[in-house]
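Here is the structure we will look at, set down as structure tokens.
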Amino acid sequence: MLLHVDESLEGIYNDILRRNQGEPEFHQAVFEVLGSLGPVLVKHPELREHKAIERICEPERQIIFRVPWQDDRGIVHINRGFRVEFNSALGPYKGGLRFHPSVNLSVIKFLGFEQIFKNALTGMPIGGAKGGSDFNPKGRSDSEIMRFCQSFMTELYRHLGEYTDVPAGDIGVGMREIGYLFGQYKRITNKYESGVLTGKGLDWGGALVRREATGYGLVFFVQEMLKARGEGFDGKTCVVSGSGNVAIYTMEKIQSLGGTVVACSDSGGYIYDEDGLDLDRVKQIKEIERGRISEYVETHGRARYIPGGRIWDVPCQVALPCATQNELNGRDAQTLVRNGCIAVAEGANMPTTPEAIKVFHDGGVAFGPGKAANAGGVATSALEMQQNASRDAWTFEYTEQRLAEIMTGIHERCYETAKEFGTPGNYVNGANIAGFIKVARAMVALGLI
Ligand code: NAP
């Protein structure tokens, strides 16, 4: 890899490689954090004695389980379920569930690890976790999805609770799946424990703005990054990868701030319209018809569909990867810099490879890492938990205002911490260091557990 791990941390990193073999995504996520922590140990030598880094890299608990289910033709399928309860120093475990065939222990561990720092940055009392399954929901009927969710929860429920572990959605898990999971939890436990899952529907304990939160929050964060450079979204050309929950609400907020989104994608390819995309049509295809992004050009002849292409070839000033991990590599980054891109921020988790991050830093591009930039989703989940606990329901405007304040606060924390540790403008260092110090202090205060 091209980035550098401080010499004093090399031993820790090598030990992590040895003890977690065959987990490249987890290695990558740890590597990125350790790359920032050298100066922290110099300033806070007590954290070294307490083995805070070794401790934070070891999950508190890892649960792997069988998920048997039957499809509509009566054929039996066996999937694997995961929940990695990584760190609960700040509060109950909190983090989404991902249903995608690429899910394995490495992917869940990388996501759970990132979640610890992200949740700390929000300033809310939540620990870090992640879970999911290698189940592929694509092409499955509604009743197949329901049976899968019920089987998944029949094992997972014993590990959850509003004061223990509170999952939410992620790739392949939206409000429909959260509904089936919540229903099964309620049935097994005989409790209407609203605070056990977030991302619920508005009629049954959900919160306004949760659906929009990650995308809106990302745009609020980028707005602060641009502001720090004397810029704004107005008149900017933007590219957003993906067309799922995060991507759609990222595009919506950009448009409302005067930016133009010219391209978005799914795993098949990307669509491009230099005059700006019609977001209502994208929503219709993705949220209602659950179709492919290629269908967009059937009604919008001016737009082009590029199957299997690199969306980062499209010239833009702001690029927001919102699909999946490692979707933007060093070559893509060079193309973006060459085309005049000034800001990149991660709506997805770890979409940017270490090589690409280096290209952005060297090229003077403002780069917002996911653990800061996409924290609006989990922060609003915590607001949903607050509303559940107080049996209250806040207005859209009030909740969005809280979200905007939280994102501004995260930006400030990252910006100031990066400056304090001698790397002004480096949001990767700012996020890693600020998140780590907060969790490490709490771990030390709670004793050796
Ligand atoms: P989603 O609604 O399921 O959408 C995922 C999007 O990414 C879809 O357009 C999907 O295309 C595309 N995609 C998935 N895997 C891909 C792959 N291997 N190659 C290319 N495209 C792929 O999921 P989401 O909730 O928007 O999550 C997107 C990212 O944001 C993930 O990294 C997630 O961890 C992160 N995130 C989500 C939240 C949240 O609140 N939802 C919060 C923080 C971070 P297809 O439909 O073709 O698969």
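We count ligands from 1, going down the list as the structure has it; atoms in each ligand are counted the same way. If you're wondering where the values come from, they're calculated on a predicted model, not measured in any experiment.
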Return the minimal non-hydrogen interatomic distance between [X] and [Y], and the atom names on each side.
X: L197; Y: V166; result: N-CG1, 3.9 Å
X: I271; Y: Y305; result: CG2-CD1, 3.9 Å
X: G81; Y: F152; result: CA-CE1, 3.9 Å

Return the set of residues passing side chain to side chain donor-acceptor pair (under 3.5 Å) with K130 (not counting sequence neighbours), or none when no residue passes.
->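 Checked K130 against side chain to side chain donor-acceptor pair (under 3.5 Å); matches are D170.
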Distances for all N or O pairs of ligand 1 and the protein under 3.5 Å?
from	atom 1	to	atom 2	distance (Å)
ligand 1	2 (O)	N245	N	2.9
ligand 1	3 (O)	G172	N	3.1
ligand 1	9 (O)	S243	N	2.9
ligand 1	9 (O)	S243	OG	3.4
ligand 1	11 (O)	S267	N	3.4
ligand 1	26 (O)	N245	N	3.2
ligand 1	26 (O)	V246	N	2.9
ligand 1	30 (O)	G347	O	3.4
ligand 1	32 (O)	R98	NH2	3.4
ligand 1	32 (O)	N349	N	3.1
ligand 1	34 (O)	R98	NH2	2.9
ligand 1	34 (O)	D170	OD1	2.6
ligand 1	34 (O)	D170	OD2	3.3
ligand 1	34 (O)	N349	ND2	2.8
ligand 1	40 (O)	R210	NH2	3.1
ligand 1	40 (O)	T214	OG1	2.7
ligand 1	47 (O)	S267	N	2.9
ligand 1	47 (O)	S267	OG	2.5
ligand 1	47 (O)	R292	NH1	3.3
ligand 1	47 (O)	R292	NH2	2.7
ligand 1	48 (O)	K138	NZ	2.9

Answer yes when E224 and K227 have at least one side-chain N-carboxylate O distance shorter than 4.0 Å, and no when they do not.
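Yes.
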**Request:** Measure the spacing between CZ of R210 and NZ of K200 and express it to the nearest 0.5 Å.
**Result:**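 Reported value, rounded in 0.5 Å steps: 10.5 Å.
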